[in-house]
Amino acid sequence: MPGPGEAGAADILAAPLPSAPPRSQWAEVWSQFRHHKGAMAGGFVFVLILALVFLGPLVWSIDATFIDIRARNQGPSLAHPFGTDQLGRDMLARLMAGGQVSLSVGITAMLLALFLGSLVGVLAGYFKALDNLLMRSTDLFLALPLLPLLLVMVLLFREPLNAAFGPETGIFILIVVAIGVTSWMPTARIVRGDVLALKEREFVLAARSIGTTNAKMITRHILPNVISPIVVSATLGIANAIITESALSFLGLGFPPDFPTWGRLLFDGVDYMQQNPERVVLPGLAISLTVLSVNYLGDGLRDALDPRLRGR
C-alpha cells in the first residue's frame with residue numbers, strides 16, 4: 001500500500017494538464033501570416049512606401065510644382081537627391097507627390113471594384129434566377145479589351161467631368177471609375193463560387209429553416225464566410241489599379257502634365273532617358289516595388305485566410 005507521499009505524487013501525475021485557451025480566428029491568421037517570409041517582407045516594403053509617400057513631404061518640404069529653370073535637368077545632388085526635371089522641379093518631391101496620387105487611385109479604384117464584384121458575386125451565387133444574367137454580363141465584360149475601353153471612356157468623359165469638378169478632381173473621378181468598372185469581374189466569379197458552396201452548408205440550411213430572411217442570411221452568414229477571397233482580391237486589385245493608372249498616364253491620357261503621378265513621371269522622363277536615366281528608373285522602381293510587395297502581401301493573406309493551406 002503506497003504511503004501518503006507516494007499517493008500524492010501519483011495523483012499529481014494522473015491529473016490532466018491544463019489546456020491552453022483556444023486562440024481566436026484572427027490569432028490563427030496572424031500566426032500563419034507571420035511565418036510567410038514573402039508576405040512579411042512585402043508588408044514591410046508596402047508600409048515603408050506608404051510612410052515615405054505620405055509622411056516624407058513633412059520632412060522634405062520642397063513643393064513638387066516649384067519651377068526653377070536655372071536648375072533644370074540636373075543630376076542627383078545634395079540640393080536635389082534625385083535630380084530635377086526639364087523645368088527644374090525637384091524629382092524627390094514629385095516622386096512623393098506622384099506616389100500619393102497613384103496609391104490613392106489604386107486604393108479607391110480597388111474599393112469600387114471590390115464593392116461591385118462582391119455585390120454581383122453574392123447576388124449571382126445566392127439567387128438562382130439572377131445567376132445566368134449576371135454571369136453572362138460578367139463574361140461580356142471579361143471579353144472586352146480593357147485598354148481600348150479605358151481609352152474610350154477617358155476621351156468621352158474627360159471634358160464633362162473637368163468642367164463639373166475641375167481638371168484634377170474630374171480626372172481623378174474618371175480614372176477611379178474607369179478602372180473600378182473594368183476590374184470587378186474576377187472578384188465576382190470568385191465570390192460567386194464560394195457563395196454557391198456556402199449556400200448548401202448545414203448552418204445556412206438551418207438558418208433558412210427557421211425563417212431567416214434573405215437579407216439577414218446574406219449579411220450574417222454568407223458575407224462573413226467569403227471575406228477571405230474578398231481580402232485577397234483587394235490586395236491584388238490595388239496592384240492592378242496602380243499599373244492601369246500608370247499605363248494611362250504614360251500614354252498621356254491620365255492626369256494633367258503639372259499633376260505628377262508615377263506613370264506621368266515615366267512619360268515625362270522618356271525623352272531624357274539617355275541624359276538622366278534616373279528619371280525613368282526611379283518611378284519605374286517605385287511602381288515595381290509597390291506592385292511586387294502588394295502581390296506578396298496578397299499571397300500571404302490567401303495562405304493565412306484559407307484553413308486548407310495553414311501549416312504548409
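For the pair Ser288 (side chain) and Leu285 (backbone), a donor-acceptor distance under 3.5 Å is absent. With hydrogens and angles disregarded, a donor-acceptor distance shorter than 3.5 Å links the side chain of Thr212 to the backbone of Ala207. The backbone N or O of Gln74 lies less than 3.5 Å from a partner atom in the side chain of Thr84, making a donor-acceptor pair. At distances below 3.5 Å, not a single donor-acceptor pair connects side-chain atoms of Ser183 with backbone N or O atoms of Gly180. Ser249 places no side-chain N or O within donor-acceptor distance of the main-chain N or O of Ser246, the cut-off being under 3.5 Å.
Neither Leu289 nor Val281 shares a network with the other; the hydrophobic side chains, linked directly or stepwise wherever heavy atoms of I, L, V, M, F, W or Y lie under 4.5 Å apart, form separate groups for each. In the hydrophobic clustering of ILVMFWY residues, with side-chain heavy atoms under 4.5 Å counting as a link, Ile190 and Val231 come out apart.
Between Trp184 and Phe115, the ring center distance fails the sub-6.0 Å criterion.
Residues forming a side chain to side chain donor-acceptor pair (under 3.5 Å) with Asp90 (at least two apart in sequence, or on another chain): Trp60, His80. Residues satisfying the side chain to side chain donor-acceptor pair (under 3.5 Å) criterion with Gln86, sequence neighbours excluded, are Arg279. Legend: residues meeting side chain to side chain donor-acceptor pair (under 3.5 Å) with Asp63, ordered by chain and number and at least two apart, are Thr65.
In the hydrophobic clustering, Leu58 connects to Leu55, either directly or through intervening members, whenever side-chain heavy atoms lie under 4.5 Å apart.
Distance CD1/Ile107 to CD1/Ile242: 7.5 Å, rounded to 0.5 Å.
For residues 127-150, the set of pairs meeting the side-chain hydrogen bond (donor to acceptor under 3.5 Å, both in side chains) definition, not counting sequence neighbours, comprises Asp131-Arg192, Asn132-Arg136, Arg136-Asp139. Residue pairs meeting the side-chain hydrogen bond (donor to acceptor under 3.5 Å, both in side chains) criterion with at least one member in residues 96-123, sequence neighbours excluded: Ser102-Glu245.
Side-chain contact of Tyr272 with Asn73: a donor-acceptor pair under 3.5 Å is absent, judged by distance alone.
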Between Arg94 and Asp85, does the salt bridge (charged side-chain N to carboxylate O under 4.0 Å, His left out) criterion hold? Intermediate values first, please.
CA-CA 9 Å; Arg94 289 181 66 76; Asp85 67 1; 3.6 Å; yes
